[in-house]
2 protein chains.
Amino acid sequence: MQDHAKPLDSESNGEQNPPQRAHQGRKAVITRDDLIDAALKLIGPHRSISTLSLREVAREAGIAPNSFYRHFRDMDELAIALIDRAGRSLRKIIGEARNRASPERSVVRSSVEAFMEQLNGDERYLHILLREGTVGSDAFKQAVERELNFFEEELRVDLIRLAETNNTGIYEPALVAKAITRLVFAMGATAMDLPLEKRAEIQEQMTTMLRMIVVGTQTMAQSDTIRL
Amino acid sequence: MQDHAKPLDSESNGEQNPPQRAHQGRKAVITRDDLIDAALKLIGPHRSISTLSLREVAREAGIAPNSFYRHFRDMDELAIALIDRAGRSLRKIIGEARNRASPERSVVRSSVEAFMEQLNGDERYLHILLREGTVGSDAFKQAVERELNFFEEELRVDLIRLAETNNTGIYEPALVAKAITRLVFAMGATAMDLPLEKRAEIQEQMTTMLRMIVVGTQTMAQSDTIRL
DNA sequence: CGGTTGTATATACATGTGTATAATAAGCCG
DNA sequence: CGGCTTATTATACACATGTATATACAACCG
């Protein structure tokens with residue numbers, strides 16, 4: 001059995017850290033975040049999380065294989081933490097893009113632009129979320145699903161706000177948000193494996209698809225109103 | 001180096017097989033298809049192709065590990081063949097469902113129904129196509145992509161036919177087909193990991209999403225016409 | 001200083017993998 | 001039959017992996 005002791009509170013938490021009693025025992029030379037970084041370095045267009053080995057990550061991080069256990073129970077736990085981080089990072093980016101949206105540059109369009117920008121830059125966080133959705137442990141898949149739900153929720157709120165502003169109706173906004181999100185991610189996943197020249201085409205296709213959905217929900221909202 | 005000799009034409013081709021000279025040398029005890037079957041047995045909701053090992057498949061098929069090379073260069077080649085088979089099988093099923101469609105039971109709806117039926121039955125072919133799309137070698141991903149394109153193409157033809165029959169317009173039918181296909185597969189992938197009770201809900205969501213797309217394309221077709 | 005505590009490493013082991021090499025087995029032809 | 005051809009297996013090797021156990025190391029506390 002491995003130890004996987006808890007103490008390691010030193011700096012492992014990437015975010016806030018209250019007072020904290022001065023530490024006990026040897027100083028940790030590495031943090032959870034460092035390990036996640038190492039894993040991130042190993043991931044690319046041709047390498048997915050599920051194929052990473054514990055030893056490989058440890059090697060990349062410059063620690064002994066067994067030290068890994070001080071930070072994560074196994075690779076699966078690291079993978080989930082990684083998904084978490086990727087999701088947060090990406091939501092922040094898309095969120096910013098959303099705020100840059102204006103009446104002329106719709107929320108949907110500027111989000112898609114930001115999304116494709118990330119894709120075309122070699123942004124690993126996005127790569128991960130795009131392609132790791134369907135393989136791995138149940139816990140892992142749930143983590144990915146959770147991130148997608150976050151995206152959907154934020155989009156849903158925006159869509160409603162937008163519909164009120166522009167005084168267009170919106171039918172089943174939650175479903176609209178879900179459809180858009182899933183479609184963008186699905187199309188993005190295929191775009192990832194395409195040369196840069198072809199990605200512009202995909203982006204255009206994506207935009208048209210989303211417009212169909214938007215037109216659809218608005219039309220359905222109208223005929224709903226009429227019927228009442 | 002392995003041999004991976006070609007001769008093995010005995011019965012390896014799952015489909016048509018012309019005259020064929022009486023074979024030479026020892027009779028093959030196993031075929032490519034048998035190996036694919038073995039791999040299929042090992043795959044399930046919690047086991048994906050990419051995690052299968054050559055030895056494992058050979059074991060399941062009851063042959064020595066090295067015999068594998070007589071039939072496939074490596075696991076990747078087998079995986080591609082498997083995708084091929086899964087695609088063919090599934091297209092046949094959906095195709096039949098499509099033909100059962102009538103004016104009241106739209107093509108889209110009955111296809112979705114057939115799709116979910118497959119999902120709820122423990123149909124491995126579908127599981128494979130749903131979840132293996134984004135990981136694996138480039139050749140493998142291309143194989144999956146190819147199957148999706150087949151689905152899209154068949155759907156596209158049907159959509160056009162349908163639009164003419166019902167005299168509704170249709171805007172960018174190819175994109176409509178693509179959007180529908182990708183969305184159904186994406187939603188199906190998440191449904192796969194859900195308990196049966198919740199899948200009905202997903203199916204309903206899926207139907208509404210598709211209706212939005214259809215309404216959208218029709219509306220856009222109309223305003224196109226008007227503008228002319 | 002020595003004790004205690006938490007961390008990191010070294011070594012080791014069993015297990016699984018892909019595949020090279022060589023031997024064996026089975027079927028046909030002359 | 002002997003010879004040829006193809007298929008299958010046996011054995012073996014080098015390598016990577018996860019992890020158990022034990023030991024060394026660093027920091028604090030009294």
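Below, chain A is the first sequence line, B the second, and so on; all start at residue 1. Hydrogens, waters and symmetry mates play no part in the numbers below; they use all other heavy atoms, side chains included.
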Can you tell me which nucleotide in [options] comes closest to the side chain of [X]?
{"X": "A:L54", "options": "D:dG18, D:dA20, C:dT19", "answer": "D:dG18"}
{"X": "B:E56", "options": "C:dG18, C:dT17, C:dT7", "answer": "C:dT17"}
{"X": "B:R70", "options": "D:dT8, D:dT9, D:dT21", "answer": "D:dT8"}
{"X": "A:Q24", "options": "D:dC28, C:dA10, C:dA8", "answer": "D:dC28"}

Are the charged groups of [X] and [Y] less than 4.0 angstrom apart, N to O?
{"X": "A:K41", "Y": "A:D37", "result": "no"}
{"X": "A:R91", "Y": "A:E147", "result": "yes"}
{"X": "A:R47", "Y": "A:E56", "result": "yes"}

Whole-Å gap separating [atom2] ([N]) and [atom1] ([X]):
{"X": "B:L78", "N": "C:dG18", "atom1": "CG", "atom2": "P", "answer": "12 Å"}
{"X": "B:Y69", "N": "D:dT8", "atom1": "OH", "atom2": "P", "answer": "15 Å"}
{"X": "A:K27", "N": "D:dC28", "atom1": "NZ", "atom2": "P", "answer": "7 Å"}

inquiry  = I want to confirm an ordering. Mapping A:P65 and A:G25 to their closest nucleotides on DNA chain C, which one lands closer to the 5' end?
reply    =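 Nearer the 5' end of the strand: A:G25.
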
Given [N], is OP1 or OP2 found less than 4.0 Å from the side-chain N or O atoms of [X]?
{"X": "A:R59", "N": "D:dT17", "answer": "yes"}
{"X": "B:S67", "N": "D:dA7", "answer": "no"}
{"X": "A:H71", "N": "C:dA8", "answer": "yes"}
{"X": "B:R26", "N": "C:dA25", "answer": "no"}

ask   = Does the C:dT19 base have a donor-acceptor partner in the side chain of B:R55 within less than 3.5 Å?
value =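 In this structure, the two groups form a donor-acceptor pair.
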
query = Is the shortest heavy-atom distance from the side chain of A:F68 to the side chain of A:M75 under 4.5 Å?
reply =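 The answer is yes, as the side chains (C-beta and beyond) meet within the 4.5 Å cut-off.
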
query = Is the shortest heavy-atom distance from the side chain of B:T208 to the side chain of B:M212 under 4.5 Å?
reply =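 Touching, per the 4.5 Å side-chain cut-off.
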
ask   = Going by the side chain to side chain donor-acceptor pair (under 3.5 Å) test, which pairs reach into residues 187-200 of chain B, not counting sequence neighbours?
value =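 Side chain to side chain donor-acceptor pair (under 3.5 Å) check on residues 187-200 of chain B returns A:K141-B:D193, B:N120-B:R199.
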
inquiry  = Counting only heavy atoms and a strict 4.0 angstrom limit, can you tell me which residues of residues 34-53 of chain A come near DNA chain D?
reply    =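 Listed by number, they are A:S53.
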
With sequence neighbours excluded, residues passing side chain to side chain contact (heavy atoms under 4.5 Å, CB included) with A:E201 =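 With sequence neighbours excluded, A:E201 shows a side chain to side chain contact (heavy atoms under 4.5 Å, CB included) to A:Q205, given in chain and number order.
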
